Amino acid sequence: MPNQIKITLNNGKVKEYEAGVTAAAVLKDTAADIFKKAAAAQVNGRYVDLTYELNEDARVKPVTIDSKEGLDIYRHSTSHVMAQAVKELFDGVKITIGPFIEDGFYYDFDSPHTFTPFDLEKIEEKMADIIRGDRPFVKEEMSKEDAIKFFGEKSETYKQELIAEIPDEKVSIYRHDNFADLCRGPHLPSTRWIKAFKLLSIAGAYWRGDEKNKMLQRIYGTAFPTKRELDEYLNRLEEAKKRDHRKLGIELDLFSISDEIGSGLVCWHPKGAVVRGIIEDFWKREHYRHDYQVVYTPHIAKVDLWKTSGHWAFYRDNLYSPMDVEGQGFIVKPMNCPFHIQIYNSHLRSYRELPIRYAELGTVYRFERSGVLHGLLRVRGFTQDDAHIFCRPEQLEEEIGDVLNFTIYILKSFGFNEFDIYLSTRPEKYVGTLDKWEKAENALKVALEKSGLKFQIDAGEGVFYGPKIDIKIKDTLGRAWQCSTIQVDFNLPERFNVKYRGQDDKEHQPIMIHRALMGSLERFFGCLIEHYAGSFPLWLAPVQVIVLSITEKNEAYAMKVYERLRFEGVRSEIDIRNEKLGLKIREAEMQKIPFMLVVGDREAENNTVAVRTRIKGIEGVPQAADFKDFIGWFKGLLIRQSPAL
RNA sequence: GCCGACGUAGCUCAGGGGUAGAGCAGCUGAUUCGUAAUCAGCAGGUCGUGAGUUCAAUUCUCACCGUCGGCUCCA
């Protein structure tokens, strides 16, 4: 006689079933509509296949493909199908790992055949076949030895390696059709459930991410519950490409990086330079307000300085080679800190002076491997909005809190409201005492908690000289770039013998904080371009207003308007070419200029301008305004739209 | 640095062992125009660099440089 078991459903109700009932049956019975979207089930909090058999009382929840977890399972199953297709199409392929990722999945293969984009189409066709075949995914448990033997017969050496490292006695294997893969699961009930997928790209990837290992071939793909969602995603990728800062940088004539100068070295064109100038002015003003002192330091220094700082030993790979100056080696600077320390050390400091905050827009040069360079986001020469704070230990927490608030204020001023914050703690190799680390980590944590911001702890990811807070901004393709960083440093004060005279008339060592709010101006600008898709807000726009004449007859009046605008400090351009108005407007729109002032006979006669605006939703834009009124209105708007003046 | 793709006019791209193609931009001319492309003509290239194969290479091969997508790295 079969046992009855009590199943607690998602809605809290309890229902009895015969033991051995599958999760699928329960869900079908109790929530047929939701069951259609179920990818798997959750039994007592554990993710399981829908075919999972329930043998005792349990709580059962559906995992639908529109949930994060359901979609992950869905994509993971798609990656298995891809692996099968690849194995069937190409000989000698060894499978390795194929997980889901944020927007899709990948699978890494060790294959004698080099995959081409054309192969992706063939693989997609094969996958479609497999999916049509409606092959069920079947889970099988076996002992580790059996599994190693099983994969040994298939020459799947990577799988054998993985199994050997699993601590459990038993491992699970998922089969569908003639394909089998080591996998924890769960998976979709069958291949037929996969409705829309696309293979996206091929890339190299080291086995287990270690560059000492063999380079495998990775195929990236994505899958969605419906064709419509897949198309939407592909469209999003297309849209993202349009706001790529490298593309906009050319189109809007903001910056360039040329082969002749060298990779990773940026030229700021006039329009990019305008934006940079505004950022720098804003930065200086805010640093003055926050009680920092701005300094300037040289671009090169003796190798000995970098030996003292430790950079020579620790970051040799990222430093440019020394140049000989009268028999002494000098290198171009990779950082600003030793200079700021020299300024601090230029005379004896009293505890009364602390905290001392030196800030500098310091241009540094670091050697980056060619493969990592990326537009403005990863370069070899860049200007940090750097600062070093020297404080007494008891001031640390307050200083960190202030820096954190300052950072958030600056980022928000530029329209960034979403970022990822990480607190990185003590790594295996470190300098300084445990006590110091604990206090510093605690200071960072308390500051973060007080700020109310969400953050993650990256255990062991701190720099050897101290814990840090990193703030990352995402680019259009979802890649996160670290901009802001706040780092505590126990190392440099020691190495440079940084001291202050305490109230007790004894020498003490200050704690040093490195911080960059925007990180580097180059990277920040790149993120800014993408964030605004090139349509900068009024206060940052390289050109705020363009005057468009209708015919050559209006040239004189147009010039008068233009000259007045410039005199009033409005960043302006004029287009008096012998072209039609439609063309001039089109080009001004493409240049993303916020305001267009059209002037023809009517305007010239009455001293007015016809206002056309790129920015939608601005209140009270005068349509045909008396020119002087427009300037007044414009200036008012600019002030209202600029961060805290 | 590693894997792969790519490199043709200022930009976006087509082409292909036998004297190099388009659109846009540029220049000249016509047009004098009211809210996202007026028309015509002209000019523009060592086909990334270097070597090799060939009667002949921009095309095929190799190396290097660079860009892109990843990996690795990232003070």
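These figures come from a predicted structure and were not determined experimentally. Chain letters run A, B, ... following the sequence lines, proteins first and then strands; every chain starts at 1.
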Rounded to whole angstroms, how far apart are [atom1] on [X] and [atom2] on [N]?
{"X": "A/Arg380", "N": "B/C74", "atom1": "CZ", "atom2": "C1'", "result": "13 Å"}
{"X": "A/Leu216", "N": "B/U72", "atom1": "CG", "atom2": "P", "result": "11 Å"}
{"X": "A/Leu377", "N": "B/U67", "atom1": "CG", "atom2": "P", "result": "14 Å"}
{"X": "A/Lys241", "N": "B/G69", "atom1": "NZ", "atom2": "C1'", "result": "10 Å"}
{"X": "A/Arg218", "N": "B/U72", "atom1": "CZ", "atom2": "C1'", "result": "11 Å"}
{"X": "A/His311", "N": "B/C74", "atom1": "NE2", "atom2": "P", "result": "14 Å"}
{"X": "A/Lys247", "N": "B/C68", "atom1": "NZ", "atom2": "C1'", "result": "14 Å"}
{"X": "A/Leu265", "N": "B/G66", "atom1": "CG", "atom2": "P", "result": "11 Å"}

If you take the centroid of each ring, where Trp contributes its six-membered ring, are [Y] and [X] closer together than 6.0 Å?
{"X": "A/Phe115", "Y": "A/His113", "result": "yes"}
{"X": "A/Tyr107", "Y": "A/Phe105", "result": "no"}
{"X": "A/Tyr292", "Y": "A/Phe406", "result": "yes"}

Going through the checks in order, is the salt bridge (charged side-chain N to carboxylate O under 4.0 Å, His left out) test met by A/Asp470 and A/Lys472?
CA-CA 6 Å; A/Asp470 288 331; A/Lys472 294 182 181 181; 5.9 Å; no
Please collect all salt bridge (Lys or Arg N to Asp or Glu O under 4.0 Å) contacts where either partner lies in residues 543-562 of chain A, sequence neighbours excluded, each pair once.
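Pairs touching residues 543-562 of chain A that pass the test: A/Lys553-A/Asp601.
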Does anything in residues 248-269 of chain A form a salt bridge (Lys or Arg N to Asp or Glu O under 4.0 Å)? List the pairs, not counting sequence neighbours.
A/Lys247-A/Glu251
Side-chain N or O of [X] less than 4.0 angstrom from OP1 or OP2 on [N]?
{"X": "A/Lys553", "N": "B/C33", "answer": "yes"}
{"X": "A/Arg366", "N": "B/C74", "answer": "no"}
{"X": "A/His374", "N": "B/C74", "answer": "no"}
{"X": "A/Ser201", "N": "B/G70", "answer": "no"}

Inter-nucleotide [atom1] distance ([N], [M]), Å rounded:
{"N": "B/A30", "M": "B/U49", "atom1": "P", "result": "40 Å"}
{"N": "B/C62", "M": "B/A43", "atom1": "P", "result": "39 Å"}
{"N": "B/G48", "M": "B/G15", "atom1": "P", "result": "15 Å"}
{"N": "B/C13", "M": "B/G7", "atom1": "C1'", "result": "13 Å"}
{"N": "B/A20", "M": "B/C74", "atom1": "P", "result": "50 Å"}
{"N": "B/G45", "M": "B/A5", "atom1": "P", "result": "31 Å"}
{"N": "B/C24", "M": "B/C60", "atom1": "C1'", "result": "33 Å"}
{"N": "B/C6", "M": "B/A25", "atom1": "C1'", "result": "24 Å"}

Where the side chain of A/Thr551 is concerned, which of B/C33, B/C73, B/G70 is the nearest nucleotide?
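Nearest listed nucleotide: B/C33.
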With no angle test and no hydrogens, is the base of [N] tied to the side chain of [X] by a donor-acceptor pair under 3.5 Å?
{"X": "A/Arg378", "N": "B/C73", "value": "yes"}
{"X": "A/Arg369", "N": "B/U72", "value": "yes"}
{"X": "A/Tyr206", "N": "B/G70", "value": "no"}

By nearest nucleotide on RNA chain B, pick out whichever of A/Phe367 and A/Ile257 is the more 5' one.
A/Ile257
Sorted by position of nearest nucleotide on RNA chain B, 5' first, the leading residue of A/Thr485 and A/Arg208 is A/Arg208
Listed partners of A/Glu461 passing side-chain contact (heavy atoms from CB on, under 4.5 Å), at least two apart
A/Ser424, A/Asp458
Lys/Arg-Asp/Glu bridge criterion (N-O < 4.0 Å) met for A/Asp210, A/Arg208:
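No.
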Think A/Arg75 forms a cation-pi with A/Phe224, using NZ or CZ under 6.0 Å from the six-ring centre and within 45 degrees of its axis?
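Geometry flag: set, cation within 6.0 Å and 45°.
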[X]: which residues meet the salt bridge (Lys or Arg N to Asp or Glu O under 4.0 Å) condition with it, sequence neighbours left out?
{"X": "A/Glu239", "result": "A/Lys242"}
{"X": "A/Arg577", "result": "A/Asp575, A/Glu587"}
{"X": "A/Lys87", "result": "A/Glu156"}
{"X": "A/Asp489", "result": "none"}

Any base atoms under 4.0 Å from A/Tyr106, or only sugar-phosphate, or nothing? Heavy atoms, all strands.
nothing
Please work out if A/Ala203 contacts a base, only the sugar-phosphate, or nothing of the nucleic acid, heavy-atom cut-off 4.0 Å.
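Base contact.
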Counting primed atoms plus P, OP1 and OP2 as sugar-phosphate and everything else as base, spell out the protein contacts along nucleotides 34-42 of chain B at 4.0 Å heavy-atom distance: B, S or - for each nucleotide, 5' to 3'.
BBBBB----
Verify the neighbour count for atom NZ of A/Lys198: are there more than 12 heavy atoms of other residues, nucleotides or ligands below 6.0 Å?
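Check fails, neighbour count at 12 or below.
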Using a 4.0 Å cut-off on heavy atoms, which residues in residues 114-123 of chain A reach RNA chain B? List them by number, or say none.
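A/Thr114, in order of number.
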Return yes if a side-chain donor-acceptor contact under 3.5 Å exists between A/Tyr465 and A/Gln487, otherwise no.
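Yes, a side-chain donor-acceptor pair sits under 3.5 Å.
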Contact list (N/O, under 3.5 angstrom) for nucleotides 6-8 of chain B vs protein:
none

For RNA chain B, the dot-bracket notation using Watson-Crick and G-U wobble pairs below 3.5 Å, [ ] for pseudoknot-type crossings and | for other-strand pairs, is (((((((..((((....[..)))).(((((.......))))).....(((((..]....))))))))))))....
Quick note, side chain to side chain donor-acceptor pair (under 3.5 Å) partners involving residues 299-309 of chain A, not counting sequence neighbours, are A/Ser309-A/His311
